[in-house]
Amino acid sequence: MGFRVAALTCSLLVIASSLSAAAEIPAAPKASSYASAKDLVAALDDYIERIEEVLADPGEFADLQSRMVKDAETISVLALVLGLHDEDNVYKAAAGELIKSSQAVAQAADYKAAKAAFEQLKAAKSAKGAAVTGWVRVASLKALMEQVPLVNSRLNRNMRRFERQADGIAQDAAVLAAIAQGSMANLEETIQPSNSEKWFAFCQQMRDAAAVLNKAAVAKDEAGAKDAEAALAKSCDDCHAVFHPEGLESAK
Ligand code: HEC
């Protein structure tokens with residue numbers, strides 16, 4: 001009897017520890033170490049402006065809705081990082097409301113719903129709600145992973161005009177770092193939800209490469225930025241080799 005209770009307790013412990021191991025996101029470094037609040041605030045404002053453009057013309061909504069969804073989900077992640085940021089920023093107290101309302105924009109079924117949700121999103125910029133408290137899932141992996149190549153291509157284009165585009169490069173690198181950090185919470189949506197160690201490590205690799213690129217761009221260090229760009233590209237390939245094998249070629 002004692003043995004059976006012990007065996008049962010033991011197997012319950014194994015189940016409990018494997019469940020918690022899969023979900024536990026590693027402690028994040030201070031956000032300022034990979035993306036300044038200033039860059040993230042500027043990026044969040046840009047994405048809000050882009051959604052405003054999409055919603056300016058109801059006739060174009062069908063064509064542009066998927067872009068709006070990606071941008072809204074990106075706002076959710078940017079707001080989360082700003083809410084947890086070690087640097088004070090204008091969206092820290094608004095983060096919870098920004099996340100909620102950007103999620104509503106992403107989920108809007110039609111133009112009217114999107115427009116109404118977007119008004120809430122704009123109002124949320126000055127909200128003073130409860131602070132966000134941890135690295136929870138706020139966006140879909142699919143939307144984030146569709147946004148990453150778009151941001152990355154613009155960044156690569158801007159690298160060819162480094163002097164003039166250093167600010168834009170810094171901002172895009174900050175966005176990629178924020179998405180990489182935020183994506184850790186999307187483990188369950190990957191093709192290998194049990195491979196948490198690798199998923200977190202690849203997210204970290206992308207985040208840290210983007211952080212180096214951000215700093216090099218801010219310092220106007222073109223050679224350093226080129227090295228970081230290569231390290232960032234490697235992080236894409238390394239992760240895809242395990243988690244997106246069918247996309248190895250398309251990401252190039
Ligand atoms: C931590 C892992 C990881 C990293 C790092 C990563 N990706 Fe991905 N990527 C994925 C996964 C997983 C998918 C598939 C997402 C899905 O469809 O659910 C994906 C999908 C894609 C796609 C296909 C998107 C589509 O339209 O379906 C492209 C393109 C892409 N990634 C480019 C990049 C680029 C460029 C980088 C580096 C700047 C990068 N990825 C970094 C995991 C990663």
Side-chain angles (χ1 to χ4, degrees), residues 22-29 34-35 39-40 43 47 63-74 76-78 80-81 103 106-107 135-160 165 168-217 224-252:
E24 210 168 299
I25 294 173
Y34 56 86
D39 281 331
L40 297 177
Y47 285 108
D63 286 342
L64 296 177
Q65 186 175 8
S66 75
R67 168 178 141 180
M68 180 196 74
V69 170
K70 291 192 267 287
D71 288 351
E73 302 219 28
T74 302
S76 303
V77 170
L78 296 177
L80 179 67
V81 180
Q103 287 172 338
Q107 281 151 24
W135 293 106
V136 291
R137 177 191 180 281
V138 295
S140 77
L141 181 64
K142 192 167 184 321
L144 294 179
M145 290 303 162
E146 286 174 0
Q147 184 76 281
V148 165
L150 301 178
V151 177
N152 190 58
S153 314
R154 182 174 54 213
L155 195 157
N156 290 339
R157 271 199 311 278
N158 283 337
M159 282 292 292
R160 290 181 221 135
Q165 299 297 338
I169 294 167
Q171 186 175 313
D172 280 335
V175 169
L176 290 179
I179 291 178
Q181 172 63 39
S183 299
M184 289 196 192
N186 295 84
L187 169 69
E188 296 302 324
E189 290 147 80
T190 70
I191 54 172
Q192 292 185 43
S194 62
N195 202 349
S196 57
E197 211 172 297
K198 283 235 163 79
W199 180 251
F200 296 150
F202 289 137
C203 290
Q204 204 168 312
Q205 187 185 341
M206 174 175 158
R207 179 196 69 204
D208 295 347
V212 175
L213 179 50
N214 170 274
K215 289 199 171 56
K226 286 227 165 84
D227 288 347
E229 185 189 22
L232 178 62
K234 184 172 185 307
S235 78
C236 320
D237 293 346
D238 287 354
C239 185
H240 291 167
V242 178
F243 287 99
H244 188 48
E246 71 275 21
L248 270 181
E249 287 312 309
S250 66
K252 294 263 158 74

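Order of appearance sets the numbers: ligands from 1, and atoms from 1 within every ligand.
The closest side-chain heavy-atom distance from Leu176 to Leu213 is not below 4.5 Å. Between Met206 and Ser183, the closest side-chain pair of non-hydrogen atoms is not below 4.5 Å. Under the 4.5 Å side-chain criterion, counting only non-hydrogen atoms from C-beta, Trp199 is not in contact with Val242.
Evaluated by nearest non-hydrogen atom to atom 43 (C) of ligand 1, the leading choice among Cys239, Ala143, Ala210 is Cys239. In this comparison of Ala209, Pro245, Cys236, the heavy atom closest to atom 39 (C) of ligand 1 sits on Cys236. Of the candidates Ala201, Pro149, Ala241, the one placing a heavy atom closest to atom 29 (C) of ligand 1 is Pro149. Of the candidates Lys142, Gln192, Glu246, it is Lys142 that places a heavy atom closest to atom 17 (O) of ligand 1.
Phe202 CZ to His244 NE2: the interatomic distance, rounded to the nearest 0.5 Å, is 14.0 Å. To the nearest 0.5 Å, the span separating CD on Gln165 from CZ on Arg160 amounts to 11.5 Å.
Between the Glu73 side chain and the Ser140 main chain, a donor and an acceptor come within less than 3.5 Å of each other.
Contacts between His244 and ligand 1, counted as non-hydrogen atom pairs separated by less than 4.0 Å, involve the side chain only.
In the vicinity of Phe243, heavy-atom distances shorter than 4.0 Å reach the ligand 1 atoms 12 (C). In the vicinity of Met206, heavy-atom distances shorter than 4.0 Å reach the ligand 1 atoms 5 (C), 41 (C). The contact set between ligand 1 and Cys203, taken as ligand atoms under 4.0 Å from a residue heavy atom, comprises 1 (C). If you number the atoms of ligand 1 from 1 as listed, the ones under 4.0 Å from a heavy atom of Glu146 come out as 25 (C), 26 (O). The ligand atoms of ligand 1 that sit less than 4.0 angstrom from a heavy atom of Ser235 are 5 (C).
Using a 4.0 Å heavy-atom cutoff, Leu176 is absent from the residues neighbouring ligand 1. In this structure, Val148 is part of the shell of residues with a heavy atom less than 4.0 angstrom from ligand 1.
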Under 3.5 Å, sequence neighbours excluded: what are the donor-acceptor pairs made by side chains of residues 225-232?
from: Lys226; atom 1: NZ; to: Glu222; atom 2: OE2; distance (Å): 3.3

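Around NZ of Lys198, the count of heavy atoms belonging to other residues, nucleotides or ligands within 6.0 Å does not exceed 12.
Shown here are the side chain to side chain donor-acceptor pair (under 3.5 Å) partners of Gln192, two or more places apart in sequence or in another chain: Asn195.
Considering both main-chain and side-chain atoms, His240 comes within under 3.5 Å of ligand 1 through a nitrogen or oxygen pair.
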